Amino acid sequence: MATGSDRILGLCIVATAGLLFAYYTIWVIFLPFVDADHVIHNLFLPRVYAITIPIVAGVIALGCLGVFVGLLAAGKKKQN
């Protein structure tokens with residue numbers, strides 16, 4: 001059973017993920033249809049980052065996963 005602090009942490013994580021999803025969705029899907037001189041463009045990063053940030057995050061995530069699997073495989077070899 002989750003304690004109160006675990007529930008608050010989970011709520012914060014879900015809320016942060018929801019806000020990031022909404023920001024990215026507006027940035028990538030809806031913003032291209034708004035005039036370039038509209039004031040809402042000041043709230044978002046340049047469009048080049050819409051591709052760069054997910055690619056960098058994916059490379060970092062796959063690198064961490066590869067290191068984790070490599071460490072597990074190296075630990076298995078030592079036990080045998």
Side-chain angles (χ1 to χ4, degrees):
M1 203 77 181
T3 63
S5 61
D6 289 340
R7 289 177 187 221
I8 291 173
L9 179 64
L11 178 64
C12 290
I13 291 171
V14 169
T16 302
L19 287 172
L20 286 173
F21 178 77
Y23 179 87
Y24 190 78
T25 301
I26 292 169
W27 183 27
V28 173
I29 295 176
F30 298 119
L31 204 61
F33 297 107
V34 178
D35 291 333
D37 58 345
H38 196 276
V39 70
I40 197 168
H41 282 277
N42 295 334
L43 301 174
F44 296 91
L45 294 171
R47 286 191 197 151
V48 68
Y49 294 115
I51 299 298
T52 306
I53 291 172
I55 288 174
V56 170
V59 167
I60 290 171
L62 287 175
C64 290
L65 182 64
V67 168
F68 177 72
V69 170
L71 289 173
L72 285 178
K76 284 281 189 180
K77 287 183 181 180
K78 284 185 179 181
Q79 289 178 355
N80 290 337

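Quick caveat: nothing in here was measured; it's all calculated off a predicted structure.
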Original post:
Should we count CG of Leu43 as having more than 12 external heavy atoms under 6.0 Å?
Top reply: yes

Original post:
By the rule that ILVMFWY residues connect when side-chain heavy atoms come within less than 4.5 angstrom, directly or transitively, which residues belong alongside Ile13?
Top reply: Leu9

Original post:
Looking at residues at least two apart in the chain, or sitting in another chain, which of them share a side chain to side chain contact (heavy atoms under 4.5 Å, CB included) with Ile26?
Top reply: Phe30, Phe44

Original post:
In the hydrophobic clustering (ILVMFWY, side-chain contacts below 4.5 Å, transitive), which residues join Ile60, or is it alone?
Top reply: Val56

Subject >> Cluster overlap Ile29 with Val34, hydrophobic side-chain contacts below 4.5 Å >> reply: yes

Subject >> Residues that Tyr24 engages under ring-ring contact (aromatic ring centres under 6.0 Å, His included), provided they are two or more places apart >> reply: Trp27

Subject >> Set of side chain to side chain contact (heavy atoms under 4.5 Å, CB included) partners for Pro32, sequence neighbours left out >> reply: Arg47

Original post:
When clusters are formed from ILVMFWY side-chain contacts under 4.5 Å, directly or step by step, what else is grouped with Val67?
Top reply: Leu71

Original post:
Should side-chain heavy atoms under 4.5 Å link Ile, Leu, Val, Met, Phe, Trp and Tyr, which residues sit in the same cluster as Leu19?
Top reply: none

Subject >> Atom pair CG (Leu11) and OG1 (Thr16), whose distance is rounded to the nearest 0.5 Å >> reply: 9.0 Å

**OP:** Identify whether Val28 and Val48 are in the same connected component of the hydrophobic contact network (ILVMFWY, side-chain heavy atoms under 4.5 Å).
**Re:** yes

Original post:
Would you say His41's side chain and Asp35's backbone share a donor-acceptor pair under 3.5 angstrom?
Top reply: yes

**OP:** With sequence neighbours excluded, tell me which residues meet side chain to side chain contact (heavy atoms under 4.5 Å, CB included) with Val39.
**Re:** Asn42

**OP:** Quick one: which residue pairs count as a side-chain hydrogen bond (donor to acceptor under 3.5 Å, both in side chains) with a foot in residues 6-15, not counting sequence neighbours?
**Re:** Thr3-Asp6

